[in-house]
Amino acid sequence: MLGIEYQSKRGYIELDYFGRTVGIKIMPVGVHMGQLELGLRLPDREWRLSELQRQFQGKTVLLGVDDMDIFKGINLKLLAFENMLRTHPKWQGRAVLVQIANPARGRGKDLEAIQAEIEESCQRINGDFGQSGYSPVVFIGRDVSSVEKIAYYTIAECVVVTAVRDGMNLTPYEYVVCRQGAPGSQSVSEVSGPKKSMLVVSEFIGCSPSLSGAIRVNPWNIEATAEAMNEAISMPEQEKQLRHEKHYRYVRSHDVAYWSKSFIIDLERVCKDHFKRTCWGIGLGFGFRVVALDPHFTKLNMDSIINAYELSESRAILLDYDGTLVPQTSLNKEPSPQVLSIINTLCSDSRNIVFLVSGRDKDTLGKWFSSCPRLGIAAEHGYFLRWSREEEWQTCTQALDFGWMQMAKPVMNLYTEATDGSYIEAKESALVWHHQDADLGFGSSQAKEMLDHLESVLANEPVSVKSGQFIVEVKPQGISKGIVAERILASVKERGKQADFLLCIGDDRSDEDMFENIADIIGRNLVAPRTALFACTVGQKPSKAKFYLDDTFEVVTMLSALADATGPELETDSADESVAYISSLDIGDEQSESSDKPVEGS
Ligand SMILES: O=P(O)(O)OC[C@H]1O[C@H](O[C@H]2O[C@H](CO)[C@@H](O)[C@H](O)[C@H]2O)[C@H](O)[C@@H](O)[C@@H]1O
């Protein structure tokens with residue numbers, strides 16, 4: 001839906017737009033039954049009805065009620081009526097088209113041209129087919145009172161709507177109610193016998209799908225509309241009656257009161273969480289957005305995190321890379337010497353487990369962080385994992401089938417060819433389409449289109465298709481930063497040292513998986529009961545994280561403060577031992593069962 005992630009609920013669509021839930025549903029509005037039935041009981045309507053019955057005695061009336069504007073297709077209706085009289089001469093002298101046209105509300109050349117065409121058509125049809133006492137077209141171009149309109153609806157055998165563009169258009173509904181008459185009415189001029197009504201409606205009007213008994217037409221097709229008019233008025237009486245009953249049941253039960261009640265129920269459901277959020281205007285110019293944030297979403301306080309860090313005995317620090325340790329806009333993507341030094345200081349404390357949790361490939365991360373021997377790395381969103389530089393890379397799941405790559409690649413190729421500056425990155429477990437160097441607007445609209453395309457092509461494959469910072473990525477299901485974060489914490493727990501300090505920081509969509517999975521981690525016993533939990537996103541935006549920092553500069557400043565609060569470096573041997581022990585626990589169960597030696601704390 002417009003490239004925004006959405007969920008299809010039963011019968012409607014729900015999407016998350018900058019923290020606000022937007023519900024999308026087709027909700028056709030109805031008529032005000034009470035008001036119409038009141039009109040049907042007015043004495044004025046009585047005499048107007050008898051007058052019209054006299055005027056059109058022996059005639060079959062087709063009725064049009066439209067505003068005079070360029071979209072209502074009034075002239076198309078006249079042309080179709082003319083065609084019907086010509087191709088079905090039995091209606092000459094018998095069928096009358098009464099066209100009520102509410103005076104135009106606007107002005108302009110187009111409108112004048114349409115009015116001239118309508119006038120010409122009326123004159124021609126009446127000239128060609130009129131006889132004494134019979135004008136095939138009765139054109140009423142003045143304001144018509146509700147009572148008079150009700151009277152016309154009551155005598156009409158069929159209502160014809162040929163708008164080429166319109167909103168809901170309630171004319172057919174009003175007609176059906178008027179043909180039914182007021183319940184319990186003793187009106188003398190009421191149409192006697194079983195109630196009937198017929199509808200010829202344009203497929204381009206909002207009420208068309210709800211009127212299953214109407215004859216639907218494309219109003220531009222004059223011949224087909226003429227045939228539909230003939231079919232409508234020639235139909236056996238019983239069929240007209242059945243169609244009318246069906247329509248009346250629907251129109252009566254789906255009136256405006258029903259619509260407003262269901263609208264309010266839906267509105268309340270969609271907005272139920274809005275009251276729990278605070279709205280902020282963020283950004284400038286075209287980048288301005290109203291963003292709804294959880295009121296508990298606060299800036300990460302430096303003193304609090306340092307304090308918690310100092311008080312803790314076992315710390316897990318999970319760091320995203322792009323957009324967290326290096327700015328997304330930076331041309332040089334490699335980590336700065338400052339970042340490498342901070343990471344090494346954090347890793348030097350045996351109370352700390354520090355992990356890079358990134359979507360990047362293992363070779364790039366391995367090379368960039370080769371000077372950080374004790375850093376753990378989860379590459380490709382956790383598909384690959386290693387606990388230290390000296391460890392082997394391990395894959396986190398059983399062998400996967402990558403046959404889907406043969407399906408995804410050709411789709412990505414299509415968009416790459418059509419989008420200058422874009423390219424495909426083939427990782428071992430995933431395919432990524434990058435558009436950072438493409439035109440900003442075109443690149444992102446192509447990305448939205450491709451996301452939909454890939455989702456439908458890969459609907460039956462075991463993959464997830466996600467967008468990120470200037471990327472669209474297809475990766476195996478069951479591989480996510482959230483899952484690997486849990487695995488890391490479970491391994492730490494297995495050595496009998498549950499983390500009591502957890503910092504999890506990232507900026508992107510994939511990092512939200514991490515925040516989501518750690519939200520209830522205390523309840524699931526993966527960390528100590530009183531763990532100081534710091535889930536932090538980069539940038540003030542809707543997030544599952546409770547904290548935010550503004551940019552990578554603030555992230556590095558915060559990590560540097562933690563590094564300053566870090567205790568003295570461990571003896572190399574003991575640190576290596578600790579890392580080696582944990583790594584033996586990390587993946588397979590057989591390995592963890594054979595480990596029984598507790599790890600020395602600081
Ligand atoms: O999980 P992260 O550490 O945030 O990594 C996510 C993606 O990083 C890389 O893409 C990013 O850098 C590209 C330039 O080097 C840039 O074009 C793109 O917009 C960034 O998202 C990496 O190439 C992807 O595979 C990772 O998924």
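Just so you know, ligand 1 is whichever comes first in the structure, and atom 1 is the first atom listed for that ligand. FYI, the numbering just counts along the sequence from 1.
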Atoms in ligand 1 flagged as close to [X], the criterion being non-hydrogen separation under 4.0 Å:
X	value
Q328	20 (C)
F470	19 (O)
K427	24 (C), 25 (O), 26 (C), 27 (O)
Y321	3 (O)
V432	25 (O)

Kindly check if the number of other-residue, nucleotide or ligand heavy atoms within 6.0 Å of [atom1] ([X]) is above 12?
X	atom1	value
R524	CZ	yes
K546	NZ	no
W220	CH2	no
K493	NZ	yes
D420	CG	no

Tell me the protein heavy atom at minimum distance from [atom], and give that distance in Å.
atom	result
atom 7 (C) of ligand 1	I471 CD1, 4.1 Å
atom 8 (O) of ligand 1	D322 OD1, 3.2 Å
atom 10 (O) of ligand 1	H434 CE1, 3.6 Å
atom 22 (C) of ligand 1	E425 OE1, 3.6 Å
atom 16 (C) of ligand 1	Q436 OE1, 3.1 Å
atom 3 (O) of ligand 1	S358 OG, 2.8 Å

Looking only at distance, does [X] have an N or O less than 3.5 Å from an N or O of ligand 1?
X	value
R360	yes
K333	no
G359	yes

Are any of the side-chain heavy atoms of S262 and M27 separated by less than 4.5 Å? yes
Would you call the rings of W368 and Y321 parallel, tilted or perpendicular, where under 30° means parallel and over 60° means perpendicular? tilted
Which word best sums up how the rings of F534 and F547 line up, parallel for under 30°, tilted for 30 to 60°, or perpendicular for over 60°? tilted
Between Y415 and H453, a side-chain donor and acceptor under 3.5 Å: yes
Any luck finding a side-chain donor-acceptor pair between E425 and Y423 under 3.5 Å? no
Can you tell me if K481 contacts ligand 1 (heavy atom of the residue under 4.0 Å from the ligand)? yes
Heavy-atom contact check, 4.0 Å cutoff: does D320 meet ligand 1? yes
Assess whether a salt bridge exists between K541 and D507, defined as any Lys/Arg side-chain N lying under 4.0 Å from an Asp/Glu carboxylate O. no
Restricting to heavy atoms, the pick from Q469, H435, E473 nearest atom 20 (C) of ligand 1 would be Q469
